[in-house]
Amino acid sequence: MAFLADNLARVQPSQTIAVAEKARELKAQGRDVISLSAGEPDFDTPDNIKEAAIAAIKRGETKYTPVPGIMELRTAIAEKFKRENGLTYKPTQTIVGTGGKQILYNALAATLNPGDEVLIPAPYWVSYPDMVLLNGGEPRFVDTTLENKFKLTPEALEGALTPKTKWLIFNSPSNPSGAAYTEAELKALAAVLMKHPHVWIMSDDMYEHLLYIDEPFSTLAAAEPELYSRTLTMNGVSKAYAMTGWRIGYAGGPDELIKAMTKIQSQQTSGTCSIAQWAAVEALTGPQDFVETSRKAFQKRRDLVVSMLNQSALLKCPEPEGAFYVYPSCAAAIGKKAPSGKTIENDQDFVTELLEAEGVAVVHGGAFGLGPNFRISYATSTEALEAACERIQRFCNTLS
């Protein structure tokens with residue numbers, strides 16, 4: 001009898017984490033490596049948020065917390081949804097988890113039965129399919145195209161939905177492509193979803209504040225209020241406030257779903273770290289200057305990376321509209337020979353040879369379900385980005 005669960009064979013370790021670990025190993029060996037694989041801001045958490053955490057410790061806020069979160073934070077989340085998104089949730093319709101990943105996982109755990117399908121536009125964040133598989137569901141993918149800026153079209157959505165579809169996981173702005181949807185584009189998708197009332201929407205808004213288009217951010221439940229009763233709107237403090245290590249994600253949704261997620265969390269991790277929750281209260285209710293300052297910095301970095309990558313004849317890099325990633329195509333490099341003598345047959349070969357030849361760590365598009373592309377995170381210094389892009393250009397010039 002096998003000791004490990006059969007279900008474990010259905011999933012893979014996170015490939016973005018694997019790339020980051022490989023880069024760290026090479027650095028430890030003395031290699032000069034620039035890692036552009038990590039999906040976290042390089043900025044420090046703002047001081048007012050740190051001070052709020054210190055104050056919480058001094059007040060003795062170090063005990064167990066309610067499973068769905070302290071009421072002060074749940075109230076702040078409800079106020080945030082109303083203020084920034086036009087969504088009305090009672091505090092009891094919100095939940096706090098140990099990062100956005102737990103929120104998504106618990107929602108799937110609370111709702112999926114064997115055979116249920118979850119529709120995921122590709123390219124997608126690497127964890128979505130494996131979360132579905134671990135919870136007994138079946139991920140189904142619908143491809144987007146570079147020509148459409150990696151956005152899901154109403155026609156593609158309509159063609160991908162089936163009677164077994166329970167969830168659509170929808171991420172805007174997107175990791176890995178940076179695709180961001182306008183309100184009009186969301187309304188067009190909503191018109192399709194309105195015809196399929198059995199489909200629920202998991203709206204991953206984690207990159208909400210990293211938006212570079214000339215209109216305000218919109219989320220599906222706000223763009224089409226009739227979807228509100230079957231939408232889980234997920235967000236967190238990690239990207240907007242440079243709080244990745246604090247591990248705070250949150251969501252608003254229908255009472256029944258929030259209660260079910262709370263039930264699972266009660267037997268899983270219980271309440272989230274008390275100190276991190278008080279820091280998140282300050283993040284959501286305190287000064288917001290940092291959010292716009294960091295957004296502008298990321299936009300400048302985006303412009304730099306897109307410009308430099310497009311100087312290579314072998315790369316085609318669309319300009320992303322949000323997040324802090326670019327997702328260039330390396331299709332023109334397929335079939336060419338690397339300095340090592342290896343023929344590049346796919347995007348994984350491209351990024352492997354790039355790391356070996358030039359010491360630049362990026363993530364291949366296959367990890368995100370759509371290639372031949374690769375993902376660069378520009379959440380690092382301008383100097384590192386310039387050096388990395390120069391190395392990528394040099395690598396492309398060596399391919400024959």
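Along the sequence shown, residues are numbered consecutively beginning with 1. Values below: every heavy atom of this structure, side chains too, minus hydrogens, waters and symmetry copies.
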Would you say the side chains of Gln268 and Gln102 form a donor-acceptor pair under 3.5 Å?
yes
Find the distance between NZ (Lys195) and CG (Leu161) and round it off to the nearest 0.5 Å.
9.5 Å
Could you walk me through whether Arg301 and Asp42 pass the salt bridge (charged side-chain N to carboxylate O under 4.0 Å, His left out) test, one step at a time?
CA-CA 12 Å; Arg301 295 175 184 181; Asp42 57 313; 2.8 Å; yes
N-O pairing of Glu138 and Arg10 below 4.0 Å
yes
Is Lys149 paired with Glu321 through a side-chain N to carboxylate O contact shorter than 4.0 Å?
yes
Do other residues, nucleotides or ligands put more than 12 heavy atoms under 6.0 Å from the CD atom of Glu226?
no
Decide if the gap between the ring center of Tyr325 and the ring center of Tyr378 is smaller than 6.0 angstrom.
no
What pairs meet the salt bridge (charged side-chain N to carboxylate O under 4.0 Å, His left out) rule with one or both residues in residues 254-270, with sequence neighbours excluded?
Lys90-Asp255
So, the side chain of Arg302 versus the backbone of Glu319: is there a donor-acceptor pair under 3.5 Å, distance only?
no
Quick one: do Lys151 and Glu185 make a salt bridge, cutoff under 4.0 Å?
yes
Is the Phe290 to Tyr241 ring centre distance short of 6.0 Å?
no
Any side-chain donor-acceptor pair under 3.5 Å between Thr162 and Glu117?
yes
For Phe298 and Phe324, take the angle between the two ring planes, folded into 0 to 90°, and tell me which bin it lands in: parallel under 30, tilted 30 to 60, perpendicular over 60.
tilted
Can you name the side chain to side chain donor-acceptor pair (under 3.5 Å) partners of Lys50, sequence neighbours left out?
Asp44
Salt bridge check: are Asp205 and Lys239 linked by an N-O gap of less than 4.0 Å?
no
Mind checking whether Phe81 and Tyr89 have ring centres under 6.0 Å apart?
yes
Any idea how Phe350 and Phe374 line up, ring-wise: parallel (<30°), tilted (30 to 60°), or perpendicular (>60°)?
parallel
Side-chain touch Pro91/Met71, heavy atoms, less than 4.5 angstrom
yes
Using the rule side chain to side chain contact (heavy atoms under 4.5 Å, CB included), only one of Asn397, Leu354, Val305 pairs with Ile392; which is it?
Leu354
Counting C-beta onward and ignoring hydrogens, is there a side-chain heavy-atom pair between Met194 and Leu227 closer than 4.5 Å?
yes
Could you walk me through whether Lys80 and Glu84 pass the salt bridge (charged side-chain N to carboxylate O under 4.0 Å, His left out) check?
CA-CA 6 Å; Lys80 179 266 179 230; Glu84 297 184 351; 3.3 Å; yes
Would you mind checking if Glu25 and Arg31 are paired as a salt bridge, meaning a charged N to carboxylate O distance below 4.0 Å?
no
Close side-chain approach of Leu355 to Val33, heavy-atom, < 4.5 Å
yes
Going by salt bridge (charged side-chain N to carboxylate O under 4.0 Å, His left out), name the pairs with one or both residues in residues 380-400, residues two or more places apart or in two chains.
Asp32-Arg391, Glu358-Arg394
Both conditions, 6.0 Å and 45 degrees, for the charged tip of Arg230 above the ring of Trp167: are they met here?
no
Check the side chains of Ser35 and Ser37 for a donor-acceptor pair under 3.5 angstrom, ignoring hydrogens and angles.
yes
Check: Thr219/Ser203 side-chain N/O donor and acceptor closer than 3.5 Å:
yes
